[in-house]
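Start at 1 and go down the list; that is how both ligands and their atoms are numbered.
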Amino acid sequence: MKKSRFFGIVPLFLATLFLALFSCENDKSVFENELELVGSSEDGDKKKSKVDICHNGRIINVSANALGGHQGHGDAVDLDSDGYFDIDNSCSETDCDDSDPYKNPGIEGSCDGDPGIAELLIGTWTTTETDINAYVGSQALEDYLIDVVGLSPEEAAAQIEMLTDSLESELRGMLTINEDNTYESDFESGSDSGTWELSEDEMTLTLFEGSDTIVVSINSITENTWYATISDDFLLDLDGDPETPEVNVTVVANVVLEK
Ligand SMILES: [Ca+2]
Ligand SMILES: [Ca+2]
């Protein structure tokens with residue numbers, strides 16, 4: 001299952017919500033402990049030792065050490081492993097940039113000289129705005145707490161405010177996307193590093209840190225401003241009654257980042 005590390009706090013928050021409510025005390029220490037999210041950083045070793053070449057119209061996977069020889073007798077190579085070879089060849093159209101897998105004739109507009117999304121992402125981004133919404137199915141979590149769980153509007157609003165404040169503080173910070181497909185992040189919830197990958201349609205950025213995965217939707221991006229969305233689902237026992245089924249809670253964070 002794909003998990004966004006940023007929302008690690010949500011299940012605990014909601015599980016303790018009712019304890020806190022019904023025992024009439026707000027145990028902030030439990031809450032704050034959970035803010036120190038754990039992140040392991042195992043750098044994935046993605047070094048390639050083999051490279052595809054186009055040899056007499058056939059694609060052969062050869063050792064990187066043997067590349068020079070093949071290029072010497074005119075074979076085309078695919079160094080960025082995007083399936084497009086670097087010079088005129090009979091295996092593929094020619095790659096317009098064989099050092100960048102996000103630039104090739106298969107990705108519309110990527111060869112026309114405009115910076116692609118991967119290129120725009122490179123740099124250090126700072127969170128400037130966050131907007132967090134939580135839902136149960138299609139109903140806002142706040143309404144669900146009133147209508148189904150039976151909280152007063154004031155109680156529900158206070159709970160939602162506490163949740164969104166915590167999530168917003170977790171999302172405050174900086175994210176540096178490096179050209180070599182690594183990243184570093186420094187958020188209030190902690191610092192991490194790992195590797196990144198952009199989906200083929202360039203709409204989704206995935207950050208890998210060890211076994212953790214953070215999926216970020218790229219809604220729009222320019223040289224300086226990036227509108228992103230991070231969302232995650234949780235199955236939770238909202239009414240504290242083990243007899244009733246757990247409900248699916250979705251948390252959606254719309255974030256504005258600036259360089
Ligand atoms: Ca290529
Ligand atoms: Ca390429």
Of all the N, O or S atoms in Asp80, which has the shortest distance to the Ca ion (ligand 2)? OD2
If you consider just the N/O/S atoms, which atom of Asp78 is the closest one to the Ca ion (ligand 1)? OD1
Does atom CG (Asp88) have a neighbourhood of more than 12 heavy atoms from anything else shown, all under 6.0 Å? no
Do Asp97 and Ser99 get their side chains close enough for a donor-acceptor pair, meaning under 3.5 Å? yes
Looking at Asp100, the N, O or S atom sitting nearest the Ca ion (ligand 2) is O
The atom name of the N, O or S atom in Asp98 nearest to the Ca ion (ligand 1) is OD1
Among side-chain atoms of Asn104 and Glu93, is any donor-acceptor pair under 3.5 angstrom? no
Where the Ca ion (ligand 2) is the corner point, what angle links O of Lys103 with OD1 of Asp95, to 10°? 70°
Between the NZ atom in Lys50 and the CG atom in Asn65, the distance rounded to the nearest 0.5 Å is 10.5 Å
Let me check your reading of the structure: within less than 3.0 Å of the Ca ion (ligand 1), is there an N/O/S atom from Asp97? no
What one should report as the nearest heavy-atom pair of Phe85 and Cys54 is CE2-N, 3.6 Å
Distance check below 3.0 Å: does Ser81 bring an N, O or S atom to the Ca ion (ligand 1)? no
For Asp82, what is the atom name of its N, O or S atom nearest to the Ca ion (ligand 2)? OD2
Could you report the tightest heavy-atom contact between Trp125 and Leu120, atom names first, then the distance? CZ2-O, 3.4 Å
